[in-house]
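The shown structure was predicted, so the numbers you read here are calculated from the model rather than taken from an experiment.
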Amino acid sequence: MQFKRVFNQPIRIGTPQLTFLAVANQLSHPRLGLAISKKSDKRAVARNRIKRHIRESFRLNQQQLSGMDIVVISKFGVSDLSDPELNKLLDKSWRRLLRRFATS
């Protein structure tokens, strides 16, 4: 995925813990990029847990997200969320992203 293209003119969805950037692509499937920094959590095991949840949530929603390149950026405090809270946040964010994408 070309990360630069996503960062140029994205549709942006923000929460206190995650930022979603998306642009249209010319493919029939969505692509996901992750930027989970050490600032969000120093421990690799915590960052990997966040990545696993994002990837799984993306996999479950990829039918609806077709034709998008998406980058998810973590912020400080995302590792404080429990697994159910993180899943709920991701589901809500995908829906918001779809609404924003449809209106632009």
Side-chain angles (χ1 to χ4, degrees):
M1 176 184 355
Q2 297 83 14
F3 272 79
K4 276 187 180 176
R5 199 171 70 79
V6 177
F7 284 99
N8 282 342
Q9 295 289 326
I11 293 172
R12 184 180 303 260
I13 298 296
T15 69
Q17 298 86 6
L18 296 170
T19 299
F20 291 74
L21 306 175
V23 295
N25 67 26
Q26 304 305 317
L27 306 172
S28 61
H29 62 278
R31 296 187 293 180
L32 177 68
L34 299 172
I36 311 301
S37 69
K38 284 187 177 180
K39 288 182 180 180
S40 60
D41 197 307
K42 298 272 186 234
R43 301 165 300 151
V45 72
R47 293 193 307 273
N48 289 338
R49 178 184 74 90
I50 295 163
K51 291 179 201 177
R52 272 195 315 274
H53 279 282
I54 295 171
R55 285 188 190 114
E56 179 64 12
S57 179
F58 176 77
R59 184 187 70 79
L60 294 172
N61 289 286
Q62 68 182 350
Q63 292 296 94
Q64 302 154 341
L65 300 169
S66 64
M68 286 193 222
D69 286 341
I70 303 164
V71 174
V72 180
I73 304 168
S74 67
K75 297 180 190 175
F76 182 77
V78 69
S79 62
D80 296 336
L81 297 174
S82 67
D83 291 350
E85 290 171 331
L86 183 55
N87 288 332
K88 186 176 179 182
L89 174 72
L90 289 167
D91 288 339
K92 184 177 178 182
S93 297
W94 296 129
R95 286 194 305 270
R96 285 182 57 208
L97 186 62
L98 283 168
R99 276 196 309 260
R100 288 282 306 270
F101 206 79
T103 60
S104 66

Donor-acceptor contact present, side-chain S40 to main-chain S37, <3.5 Å
yes
Heavy-atom nearest pair, L97 first then A22, reads CD1-CB, 3.8 Å
Considering only heavy atoms from C-beta outward, does the side chain of N61 approach that of L98 to under 4.5 Å?
no
As a quick check of understanding, evaluate side-chain contact (heavy atoms from CB on, under 4.5 Å) for I36 and V78, giving each step before the final call.
CA-CA 10 Å; I36 311 301; V78 69; 5.8 Å; no
Checking side-chain contact (heavy atoms from CB on, under 4.5 Å) for the pair Q17/L86: CA distance, chi angles, key distance, verdict?
CA-CA 9 Å; Q17 298 86 6; L86 183 55; over 6 Å; no
When you measure from the side chain of S57 to the backbone N and O of H53, does any donor-acceptor pair fall under 3.5 Å?
no
Heavy atoms, side chains only, cut-off 4.5 Å: are R5 and N25 in contact?
yes
Side chain K75, main chain T15, donor-acceptor under 3.5 Å
yes
Rounded to the nearest 0.5 Å, what's the gap from NE2 on H29 to CG on D69? Could you check?
8.0 Å
Given L34, L60, I50, the one that forms side chain to side chain contact (heavy atoms under 4.5 Å, CB included) with R55
L34
State plainly whether the residues R59 and E56 are in salt-bridge range, i.e. N to O under 4.0 Å.
yes
Rounded to the nearest 0.5 Å, how far does CD1 of I54 lie from CD1 of I70?
11.5 Å
Parallel, tilted or perpendicular, judged at 30° and 60°: which one describes the rings of F20 and W94?
perpendicular
Could you tell me whether a side-chain N or O of R100 sits under 3.5 Å from a main-chain N or O of R12, the two making a donor and an acceptor?
yes
Step through the shown structure and confirm whether more than 12 heavy atoms of other residues, nucleotides or ligands are within 6.0 Å of CZ on F7.
yes
Minimum heavy-atom distance M68-F101, with the two atoms named:
CG-CZ, 3.6 Å
Would a 4.5 Å heavy-atom cut-off, applied to side chains only, mark V72 and F58 as touching?
no
Flag if over 12 foreign heavy atoms under 6.0 Å of NZ, K88
no
Is R47 salt-bridged to D41, cutoff N-O under 4.0 Å?
no
Following the transitive rule for hydrophobic clusters with a side-chain heavy-atom cut-off under 4.5 Å over Ile, Leu, Val, Met, Phe, Trp and Tyr, establish whether V23 and L27 coincide in one cluster.
no
With a 4.5 Å limit on heavy-atom distance, are the side chains of L18 and S74 in contact?
yes
